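One structure is given here, and the rest of the page talks about it.
For clarity, every value in this text was computed on a predicted model and none was experimentally measured.
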Amino acid sequence: MDIPIVPAKNIVYKTQSPDQWFGLDYNMNIYRGCSHGCIYCDSRSDCYRNVDFDIVKVKENALQITRDDLRRKVKKGVIGTGAMSDPYNPIEGKLQLTRHSLELINAYGFGVSLTTKSALVARDTDILRDIQSHSPVLVKLSITAANDDLCRLVEPNVLPTSERFDAINTLTEQGIFCGVLMVPMLPYITDTPENVVAILRRAKDAGAKFVYSYMGMTLRQGNREYFYEYLDKSFPNIKEKYIKRYCNRYNIPPPNYKKLWNVFAAECERLGLLYDMRAIIQHYKAGYERNNQLSLF
């Protein structure tokens, strides 16, 4: 297997605002690029300078650099991965770099937050349980469409939604704090009450503890052109609606944002699903703060 290699000096970086996004203290990406082909992916934007984004690349000496980064960190905390590149891409099944990085995270006493669209995350339940014995663990399965057919249109190279719910079920049965990242919400495509309610109910049935969504998407140069090209192919006449309503805006809320949010919040309350960011952070980190304080001494 001929896999492109890209140089890297550091891999584990401190976040600027831990409480803003699932309480992460550090970010980590050992891969670069993504082969999922999701038509909406912000990581394809020009500002990231991610050339050949659809080709997965491995960061050179990723595990050695990760180990050295962790050894230098004085403060323990939660390490997030999956924001820019899915840590469970197709080549992870062979290389197991994500699995080995979790072993390092476990060995050095850190917590972890994983974001993925792949059921392969369930493979690493054993290590996640070890980490959870001393530090917070959070797993987020990204789900955009409740229907597998619609999923294939907006995420052409990803496992169907149904298999992601199966992974949630496997993880939660093993005691892993797991839920759904319902992001993005695509105007005129997935922004229907029926889609939202279906995702929430399937999440509940799978044992998910939470569903988080900010009810919208982002579009900027590089990503916008790619997105519009695929709208023309799979969703005729919708591109014109985007251009008329949003022009070149970055934040793109659905036209029915308020109604959709009310439906989302009410159904989460009814099902007993967490949906507020602060509540999600509080619950998955519950019981670990004292352990972290003691570790300083």
Side-chain angles (χ1 to χ4, degrees), residues 1-8 11-12 27-39 41 43-44 50 52-67 69-70 79-107 110-132 137-145 148 151-152 154-181 206-208:
M1 182 183 292
D2 188 13
I3 301 171
I5 305 294
V6 292
I11 289 179
V12 183
N27 276 318
M28 175 186 78
N29 285 290
I30 57 178
Y31 295 102
R32 188 168 188 182
C34 186
S35 59
H36 288 340
C38 302
I39 67 174
C41 186
S43 297
R44 193 178 281 106
N50 204 337
D52 298 324
F53 174 74
D54 295 301
I55 300 174
V56 178
K57 311 166 192 71
V58 176
K59 292 187 177 179
E60 190 173 22
N61 300 320
L63 294 177
Q64 294 92 322
I65 294 174
T66 299
R67 179 200 61 198
D69 285 349
L70 294 175
I79 300 171
T81 186
M84 294 294 295
S85 178
D86 197 316
Y88 291 97
N89 58 70
I91 63 175
E92 166 62 21
K94 180 176 181 178
L95 298 184
Q96 298 193 24
L97 294 179
T98 295
R99 180 173 176 83
H100 294 320
S101 70
L102 291 176
E103 292 172 340
L104 290 170
I105 288 171
N106 183 32
F110 287 80
V112 69
S113 171
L114 297 166
T115 302
T116 182
K117 287 185 171 74
S118 173
L120 185 59
V121 62
R123 175 201 66 186
D124 294 337
T125 303
D126 57 333
I127 305 176
L128 294 176
R129 290 184 66 183
D130 283 346
I131 296 173
Q132 198 167 257
V137 170
L138 179 68
V139 178
K140 307 179 290 294
L141 270 292
S142 177
I143 294 176
T144 304
D148 282 355
C151 166
R152 292 186 181 97
V154 297
E155 301 163 345
N157 303 328
V158 189
L159 285 176
T161 297
S162 55
E163 295 189 36
R164 281 176 255 174
F165 279 120
D166 289 342
I168 291 174
N169 188 54
T170 299
L171 289 160
T172 55
E173 283 186 344
Q174 293 297 314
I176 302 301
F177 196 95
C178 184
V180 171
L181 186 61

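The shortest side-chain heavy-atom distance between Tyr88 and Leu114 falls under the 4.5 Å cut-off. Put simply, the side chain of Lys117 reaches to within 4.5 Å of the side chain of Ser142, judged on heavy atoms. Residues Ser118 and Glu92 fail the side-chain proximity criterion, which asks for heavy atoms closer than 4.5 Å. Using a 4.5 Å cut-off on side-chain heavy atoms (C-beta onward), Phe165 and Asn169 make no contact.
Contact detail for Pro87 and Tyr31: the closest heavy-atom pair is O-CE1, 3.7 Å. The heavy-atom pair separating Pro156 from Gly37 by the smallest distance is CD-O, 3.1 Å. Contact detail for Ala145 and Cys151: the closest heavy-atom pair is CB-N, 3.8 Å. In terms of heavy-atom proximity, Gly111 sits nearest to Ile131 at CA-CG2, 4.1 Å. When every heavy atom of Asp148 is checked against every heavy atom of Thr161, the shortest pair comes out as OD1-N, 3.1 Å. Smallest separation of non-hydrogen atoms from Cys178 and Leu141: SG-CD2, 4.1 Å.
Among residues two or more places apart in sequence or in another chain, the side-chain contact (heavy atoms from CB on, under 4.5 Å) test is passed with Ile30 by Ile11, Met28, Ala62, Thr66, Leu97, Thr98, Ser101. Pro4 meets the side-chain contact (heavy atoms from CB on, under 4.5 Å) test with Ile55, Lys57; sequence neighbours excluded. Checked against ring pair (Phe, Tyr, Trp, His ring centres under 6.0 Å), Phe177 has the following partners two or more places apart in sequence or in another chain: Phe210. Listed by chain and number, the residues in a side-chain hydrogen bond (donor to acceptor under 3.5 Å, both in side chains) with Ser113 are Lys140 (sequence neighbours excluded). For Ile5, the side-chain contact (heavy atoms from CB on, under 4.5 Å) criterion is met by Val58, Glu60, not counting sequence neighbours. With sequence neighbours left out, Asn61 forms a side-chain contact (heavy atoms from CB on, under 4.5 Å) with Gln64, Ile65. In this structure Asn27 satisfies the side-chain hydrogen bond (donor to acceptor under 3.5 Å, both in side chains) test with no other residue, sequence neighbours excluded. The side-chain hydrogen bond (donor to acceptor under 3.5 Å, both in side chains) test applied to Gln96 returns no partner, not counting sequence neighbours. For Asp130, the salt bridge (Lys or Arg N to Asp or Glu O under 4.0 Å) criterion is met by no residue, not counting sequence neighbours. Remark: Asp54 pairs with Arg44 by the salt bridge (Lys or Arg N to Asp or Glu O under 4.0 Å) rule, at least two apart or across chains. Legend: residues meeting side-chain hydrogen bond (donor to acceptor under 3.5 Å, both in side chains) with Thr116, ordered by chain and number and at least two apart, are Asp86.
Among pairs with a residue in residues 95-106, those fulfilling salt bridge (charged side-chain N to carboxylate O under 4.0 Å, His left out) read Arg99-Asp124, Arg99-Asp126, at least two apart in sequence or across chains.
Using a distance-only test at 3.5 Å, with no hydrogens or angles considered, a donor-acceptor pair links the side chain of Arg164 to the main chain of Leu159. Here the side chain of Thr125 pairs no donor or acceptor atom with the backbone of Leu171 at under 3.5 angstrom. The backbone N or O of Ala206 lies less than 3.5 Å from a partner atom in the side chain of Thr172, making a donor-acceptor pair.
The CE atom of Met84 lies 6.0 Å from the CG atom of Asn50; values are rounded to the nearest 0.5 Å. How far CD of Glu155 is from NE2 of His36: 8.5 Å, rounded to the nearest 0.5 Å. Here the OG1 atom belonging to Thr81 is positioned 7.5 Å from the CD1 atom belonging to Ile105, to the nearest 0.5 angstrom.
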- [ ] Please report the C-alpha distance between Ile3 and Val56 in whole Å, then the side-chain angles of each, then the deciding distance to 0.1 Å, and finally whether the side-chain contact (heavy atoms from CB on, under 4.5 Å) criterion is met.
- [x] CA-CA 8 Å; Ile3 301 171; Val56 178; 5.9 Å; no
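A donor-acceptor contact closer than 3.5 angstrom is absent between the side chains of Asn89 and Ser35.
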